[in-house]
Protein chains: 2
Amino acid sequence: MVHSKEELYTQQEIELSKIAKALSHPARVKIINILNKRGICITGELVDLLPLAQATVSQHLRELKESGIIKGEIEGPRTCYCIEPKMMKKAKEAFTKLFSKLNCC
Amino acid sequence: MVHSKEELYTQQEIELSKIAKALSHPARVKIINILNKRGICITGELVDLLPLAQATVSQHLRELKESGIIKGEIEGPRTCYCIEPKMMKKAKEAFTKLFSKLNCC
DNA sequence: ATCGTATATCGTAAATATACGATAATATTC
DNA sequence: GAATATTATCGTATATTTACGATATACGAT
């Protein structure tokens, strides 16, 4: 029997995969770790702490920002980044739900 | 002051990003959802339930298998897939830890 | 206004991911 | 052992990601 393939993906599947994608590079996980520890951080500090060029760090920051996990506030010549708690809570719940049903073989 | 950039990434950062990468595509999240619900599933059933060609589903299954999140047992002409509970537990703990410190601005 | 600092964006090269048809491999059935 | 069924792999086209130097932008200080 052939099933319809019209439904594609659920909202949960799309949202979870987007959060996962945001965390799918060690540099971005490190940025989250640093922000978790420090609370806030400017770009230059992150550049010093990461093994990447300034342009590349900025690119990773943009990806995290676009995923909604972090936010950046311009403060004079710098940009101050921090975790976006609402999105982190959402992400935490999404992963907790995914990992909660371990009725395996 | 210039910091040393020799340490690159911690084991936690590398492992977490790998799990996240495995879950960074909606088709792979859907596969995990299906296996969570059904317990076990053969390739053909997953092909019917996903909006992708057989070769593509097989490719996604291999990625999930290589990440350690699922395992596949050959049963005659079929392959029977299921969640790998050890790895799921590990993944759950890793994400819980990452999301646990919400001391933001 | 000019200079220095901080950071984002542009352009681009190389690597990786995604998708699928075709084919190969393996097991079952006749 | 020939035919069928199931699934993995190969080959390949296209898209996306990753990385960095160069440049642009914006602000503060002189």
Side-chain angles (χ1 to χ4, degrees), chain A residues 1-3 5-6 8-9 13-14 16-32 34-35 38 40-67 69-82, chain B residues 1-3 5-6 8-9 13-14 17-32 34-35 40-67 69-82:
Chain A
M1 178 200 173
V2 178
H3 290 192
K5 291 185 177 187
E6 286 161 27
L8 294 174
Y9 305 111
E13 283 152 4
I14 292 166
L16 194 59
S17 65
K18 277 184 186 169
I19 300 166
K21 194 171 202 173
L23 298 171
S24 70
H25 192 290
R28 294 195 288 269
V29 175
K30 189 182 270 293
I31 289 169
I32 298 298
I34 293 166
L35 292 180
R38 300 197 174 195
I40 59 173
C41 214
I42 63 165
T43 309
E45 293 173 314
L46 291 166
V47 172
D48 285 345
L49 294 168
L50 287 168
L52 296 168
Q54 181 267 321
T56 310
V57 173
S58 193
Q59 202 171 260
H60 283 302
L61 285 168
R62 187 174 46 182
E63 276 187 73
L64 283 170
K65 208 166 57 185
E66 278 173 1
S67 80
I69 293 179
I70 70 170
K71 63 181 171 185
E73 269 180 45
I74 296 165
E75 290 191 4
R78 345 231 147 127
T79 309
C80 190
Y81 287 96
C82 68
Chain B
M1 179 200 174
V2 177
H3 291 191
K5 290 185 177 187
E6 287 160 27
L8 296 172
Y9 305 111
E13 283 152 5
I14 292 166
S17 66
K18 277 185 186 168
I19 299 166
K21 194 171 203 172
L23 298 171
S24 71
H25 191 291
R28 295 195 288 270
V29 175
K30 189 182 270 294
I31 289 169
I32 298 298
I34 293 167
L35 292 180
I40 59 173
C41 214
I42 63 166
T43 309
E45 293 173 314
L46 292 165
V47 172
D48 285 346
L49 294 168
L50 288 167
L52 296 168
Q54 181 268 320
T56 310
V57 173
S58 194
Q59 201 171 261
H60 283 303
L61 285 168
R62 187 174 47 183
E63 276 187 73
L64 283 170
K65 208 166 56 184
E66 278 172 2
S67 80
I69 292 179
I70 70 171
K71 62 181 171 186
E73 269 181 43
I74 296 166
E75 291 191 4
R78 342 230 148 128
T79 309
C80 190
Y81 286 97
C82 69

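Just so it is clear: chains get the letters A, B, ... in the order the sequence lines come, proteins before strands, and each one is counted from 1.
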Just to be sure I understand the rule, does A:Thr56 reach a base, reach only the sugar-phosphate, or reach nothing, if contact means heavy atoms closer than 4.0 Å?
base
Whole angstroms only, please: what is the NE2-P distance between B:His25 and C:dT16?
18 Å
Whether the side chain of A:Gln54 and the base of C:dA8 hold a donor-acceptor pair under 3.5 Å is what I'd like checked.
yes
Only Watson-Crick and G-U wobble pairs with both distances less than 3.5 Å should count. Give DNA chain D in dot-bracket notation, marking inter-strand partners with |.
||||||||||||||||||||||||||||||
Would you say B:Lys30's side chain and A:Leu8's backbone share a donor-acceptor pair under 3.5 angstrom?
yes
Nearest 0.5 angstrom please: A:Ile31 CD1 to A:Leu50 CG, how far?
5.0 Å
Just checking A:Ile74: does its CD1 atom have more than 12 heavy atoms from other residues, nucleotides or ligands closer to it than 6.0 angstrom?
no
Between B:Ala55 and A:Gly76, just flag the one whose closest nucleotide in DNA chain D comes earlier from the 5' side.
B:Ala55
Report the distance from atom NZ of A:Lys65 to atom C1' of C:dA8, rounded to the nearest whole Å.
8 Å
Using a heavy-atom cut-off of under 4.0 Å over every strand shown, decide if A:Ile42 touches base, sugar-phosphate, or nothing.
sugar-phosphate
Quick check: on DNA chain C, is the nucleotide nearest A:Ser58 upstream (toward 5') of the one nearest A:Lys21, or the reverse? Name the residue that is more 5'.
A:Ser58
Describe, in one word, how the ring planes of B:Tyr9 and A:His25 are oriented to each other, choosing from parallel (under 30°), tilted (30 to 60°) and perpendicular (over 60°).
perpendicular
Is any side-chain nitrogen or oxygen of B:Arg78 closer than 4.0 Å to OP1 or OP2 of C:dA27?
no
Which pair of heavy atoms, one from B:Leu23 and one from A:Ala20, lies closest together, and at what distance?
O-CB, 3.3 Å
From A:Leu52 atom CG to A:Ser58 atom OG, the distance as rounded to the nearest 0.5 Å:
12.0 Å
Check whether any side-chain heavy atom of A:Ile70 sits under 4.5 Å from a side-chain heavy atom of A:Ile32, and report yes or no.
yes
Which nucleotide of DNA chain D is the first, and which the last, in the 5' to 3' direction, to come under 4.0 Å of a heavy atom belonging to chain B?
D:dT6 to D:dT9
Answer whether the closest heavy-atom distance between the side chains of A:Leu64 and A:His60 falls below 4.5 Å.
no
Closer to the 5' end of DNA chain D via nearest nucleotide, is it B:Tyr81 or A:Ser24?
B:Tyr81
Under 3.5 Å: donor-acceptor pair, side chain of B:Arg28, backbone of B:Ala22
yes
Report the distance from atom CD of B:Gln59 to atom P of C:dA17, rounded to the nearest whole Å.
10 Å
What is the distance from NE2 of A:His60 to P of C:dT9, rounded to the nearest Å?
15 Å
